Protein chains: 2
Amino acid sequence: MEPDDMTLTNQLCFSVYHASRLFTKFYKQALEPFQLTYPQYLVLLSLWEEDRQPLHKLGERLDFGSNTLTPLLKRMEANGWLTRSLPATDHRQLIVSLTEQARDAKPEIFTAIHQCVVQQNIDVSKYNDTLAMNHELIATLQRMLK
Amino acid sequence: MEPDDMTLTNQLCFSVYHASRLFTKFYKQALEPFQLTYPQYLVLLSLWEEDRQPLHKLGERLDFGSNTLTPLLKRMEANGWLTRSLPATDHRQLIVSLTEQARDAKPEIFTAIHQCVVQQNIDVSKYNDTLAMNHELIATLQRMLK
DNA sequence: GTAAATTAAATCGTACGCAATTGAATTGGA
DNA sequence: TCCAATTCAATTGCGTACGATTTAATTTAC
């Protein structure tokens with residue numbers, strides 16, 4: 001590794017960190033009317049794909065622990081997005097299910113985000129390569145942290 | 001915008017968000033022995049480049065407000081990394097200066113991070129394109145949020 | 001059948017991020 | 001000169017992130 005590689009590593013990490021904060025801020029604009037935060041929206045995305053997941057499975061998909069999810073899910077339950085229930089078969093688990101409000105709101109929320117993207121005239125397809133590279137970076141980082 | 005673009009936007013945001021959290025975790029391994037967090041390390045990086053910056057200039061570079069920096073800088077001062085002082089000319093500003101400890105520790109800290117990268121056999125130069133793409137993404141997001 | 005190991009959610013403590021407000025210091029225009 | 005506008009840092013409040021521990025339920029090994 002050359003001396004410069006230290007700078008590259010630093011810059012790469014900061015660029016990802018910076019982009020993440022800006023992206024979250026962008027989503028915030030669209031999600032605020034729904035009283036949703038970005039991590040809460042991620043939970044909805046996962047449940048829209050597959051309803052009635054146990055907490056640990058949600059955590060696996062989003063890479064969150066129960067220390068993050070437990071209070072987050074309680075807030076979402078308080079806002080009427082989901083219900084938390086114990087299955088009869090295993091009282092250790094906690095099943096998270098969407099409310100009707102959450103199922104119904106999906107198109108409206110997608111439209112709100114869509115609007116924000118369209119307003120800015122973003123060519124989303126341009127970012128296919130960026131997505132692929134991020135996936136590779138994530139895989140590398142996961143190997144590093146194992 | 002095609003229907004699929006919604007999915008792409010969602011995936012792109014999540015990939016950046018996920019990568020950022022993993023990268024921070026990676027740096028944490030190297031920084032923990034120094035009692036430094038990643039955002040605190042960013043402050044050191046900026047001050048190593050230019051010592052004695054006012055708080056708002058640090059904030060501009062790192063995209064942090066005083067609500068984030070004020071407590072963070074107090075913690076760093078408590079740990080002996082920097083000093084906070086009011087310039088005689090303008091009592092509104094707060095000048096942040098490195099301590100000798102912070103100036104001396106730079107090579108040691110860089111070595112610690114370097115070690116983590118080398119141990120994992122990462123080809124850092126591979127990520128030049130990713131960095132460039134992230135810069136473009138950041139520029140787009142900044143335009144969108146203006 | 002029961003004690004030990006495992007699994008799962010919750011709790012605790014610390015440190016960000018950030019919108020919004022406050023309050024002190026400085027500047028600039030009438 | 002004097003006061004209104006501006007510029008800063010600090011404060012407040014809320015919601016993540018996450019390491020570490022705790023507590024409860026279930027599995028397993030014997």
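Labels below follow one simple rule: chain letters A, B, ... track the order of the sequence lines, proteins then strands, and each chain is numbered from 1. For clarity, every value in this text was computed on a predicted model and none was experimentally measured.
- Within 4.0 Å (heavy atoms only), A:T89 reaches sugar-phosphate atoms of the nucleic acid but no base atom.
- The side chain of B:Y17 lies closest to D:dA17, out of D:dA17, D:dG15, C:dA9.
- Of all the heavy atoms in B:N10 and A:Y38, the pair that sits closest is O-OH, 4.3 Å.
- A:T37 comes within 4.0 angstrom of the backbone, heavy atoms only, and of no base.
- If you check every strand for non-hydrogen atoms under 4.0 Å, A:L69 touches nothing.
- Looking at heavy-atom distances under 4.0 Å, B:Y38 makes no contact with the nucleic acid at all.
- The separation between B:Q35 atom CD and D:dG19 atom P is 17 Å, rounded to whole Å.
- What separates NZ of A:K25 from P of C:dA20 is a distance of 12 Å, to the nearest Å.
- Distance from the side chain of B:R75 is smallest to C:dC16 among C:dA10, D:dT16, C:dC16.
- Applying the 4.0 Å criterion to OP1 and OP2 of C:dA8, one finds that A:R84 has every side-chain N and O outside that range.
- The two residues A:A102 and A:L44 have their closest heavy-atom pair at CB-CD2, 4.2 Å.
- The side chain of B:R92 lies closest to C:dT27 when the candidates are C:dT6, C:dT27, D:dT16.
- Of all non-hydrogen atoms in B:I113 and B:L31, the two that sit nearest each other are CD1-CD2, 4.3 Å.
- The CZ-C1' distance, from A:R21 to D:dT16, rounds to 14 Å in whole Å.
- With distances taken from any side-chain atom of B:T68 to the nucleotides C:dG17, C:dT26, D:dC18, the minimum falls on C:dG17.
- The separation between A:E32 atom CD and C:dC18 atom C1' is 11 Å, rounded to whole Å.
- If you find the closest nucleotide of DNA chain D to A:D90 and to A:S66, the one lying nearer the 5' end belongs to A:S66.
- Across all their heavy atoms, B:S125 and A:L8 have their closest contact at CA-CD2, 3.9 Å.
- By the 30° and 60° cut-offs, the orientation of the rings of A:Y27 relative to A:Y41 is tilted.
- Atoms CG (A:L62) and C1' (D:dC18) sit 15 Å apart, rounded to a whole Å.
- Residue side chain A:T70 does not reach the base of C:dA9 through any donor-acceptor N/O pair under 3.5 Å, judged by distance alone.
- For B:N67 against D:dA9, a side-chain-to-base donor-acceptor contact under 3.5 Å is absent.
- For the pair B:L94 and A:A88, nearest-nucleotide mapping onto DNA chain D gives the more 5' position to B:L94.
- Among the nucleotides C:dA25, C:dA9, C:dC16, the one closest to the side chain of A:P54 is C:dA9.
- Centroid-to-centroid, the aromatic rings of A:F14 and A:H18 come within less than 6.0 Å.
- Atom CG of B:L86 is separated from atom C1' of C:dA25 by 11 Å (rounded to the nearest Å).
- B:L72 has its CG atom 8 Å from the P atom of C:dG17, to the nearest Å.
- For the pair B:Q93 and C:dT26, the criterion of a side-chain N or O lying under 4.0 Å from OP1 or OP2 is not met.
- Here B:H56 does not reach the OP1 or OP2 of D:dT7: none of its side-chain N or O atoms lies under 4.0 Å away.
- A sub-4.0 Å separation between OP1 or OP2 of C:dA15 and a side-chain N or O of B:K74 is absent.
- Rounding to whole angstrom units, CZ of residue A:F26 and C1' of C:dG17 are separated by 19 Å.
- Among the nucleotides D:dG19, D:dA17, C:dA19, the one closest to any side-chain atom of B:K28 is D:dG19.
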